[in-house]
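Read the structure below first, then the notes.
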Amino acid sequence: MQHLPLQPTVQVPPTNTASAKSKQSFISHLQEAATSNRELKISKHANERLTERNIQISEQEWRVVSDKVFEARAKGVNQPLVLMEQAALIVSAKNATVITAMERTEAKNQLFTNIDGTIVL
């Protein structure tokens with residue numbers, strides 16, 4: 001019996017440009033889908049609160065809130081409290097939905113539970 005030293009086998013994966021292109025294509029499509037649907041929905045409850053309290057939030061402010069909520073979601077935040085000049089919002093980042101809303105002055109007397117992040121605008 002003859003002893004041969006073990007030699008590691010090195011396997012070089014074949015370079016498949018079609019596979020690399022399809023992965024890149026998938027990644028670009030995924031990024032495009034993620035950025036194109038970055039709009040928050042407003043729950044029926046939150047919409048009623050906004051109307052009852054006559055809270056006006058401009059389209060530009062909604063864009064900023066949406067961007068910050070999606071940024072927070074990317075960092076692992078699921079349910080942030082969003083403090084704006086005129087309002088306080090509880091948002092489900094996971095579902096991209098505003099759950100409830102109140103005037104900022106009303107928020108001073110509140111205890112917020114089940115939030116895992118705060119966005120101050």
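Everything numeric in this text was worked out from a predicted model, so none of it was measured.
Annotation for Leu121 and Val65: closest pair CD1-CG2, 3.6 Å, computed over non-hydrogen atoms. Closest non-hydrogen pair, Ser43 versus Ile99, comes out as OG-O, 3.0 Å. Of all non-hydrogen atoms in Phe70 and Ala96, the two that sit nearest each other are CZ-CB, 3.8 Å.
The distance from atom CH2 of Trp62 to atom CG of Asp67, rounded to the nearest 0.5 Å, is 13.0 Å.
Applying the salt bridge (Lys or Arg N to Asp or Glu O under 4.0 Å) test to Lys44 and every residue at least two apart in sequence or in another chain returns nothing. Residues passing the salt bridge (Lys or Arg N to Asp or Glu O under 4.0 Å) test with Arg63 are Glu59, sequence neighbours excluded. Applying the side-chain hydrogen bond (donor to acceptor under 3.5 Å, both in side chains) criterion to Gln60, with sequence neighbours excluded, gives no partner residue. Shown here are the side-chain contact (heavy atoms from CB on, under 4.5 Å) partners of Glu61, two or more places apart in sequence or in another chain: Ile57, Ser58, Met84, Gln86. With sequence neighbours excluded, the residues that form a side-chain hydrogen bond (donor to acceptor under 3.5 Å, both in side chains) with Thr100 are His45. Asn54 meets the side-chain hydrogen bond (donor to acceptor under 3.5 Å, both in side chains) test with Gln56; sequence neighbours excluded. Residues that satisfy the side-chain contact (heavy atoms from CB on, under 4.5 Å) test with Thr118, not counting sequence neighbours, are Leu81, Leu83, Ile115, Val120. For Glu85, there are no salt bridge (Lys or Arg N to Asp or Glu O under 4.0 Å) partners at least two apart in sequence or on another chain. Shown here are the side-chain contact (heavy atoms from CB on, under 4.5 Å) partners of Arg53, two or more places apart in sequence or in another chain: Arg49, Ile55, Met102, Glu103, Glu106. Contacts of Ser92 classified as side-chain hydrogen bond (donor to acceptor under 3.5 Å, both in side chains), with partners at least two apart in sequence or in another chain: Asn95. In this structure Asp116 satisfies the side-chain contact (heavy atoms from CB on, under 4.5 Å) test together with Val77, Asn78, Gln79, sequence neighbours excluded.
Hydrophobic clustering, with ILVMFWY side chains joined whenever heavy atoms are under 4.5 angstrom apart, keeps Ile90 apart from Val82.
Proximity of Val69 to Ile119: side-chain heavy atoms (C-beta onward) are separated by under 4.5 Å at one or more points.
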Leu50 vs Ile42, side-chain contact (heavy atoms from CB on, under 4.5 Å): CA-CA, chis, key distance, verdict:
CA-CA 10 Å; Leu50 290 168; Ile42 302 173; 4.2 Å; yes
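In this structure, Arg73 contributes its side chain and Ala93 its backbone to a donor-acceptor pair below 3.5 Å.
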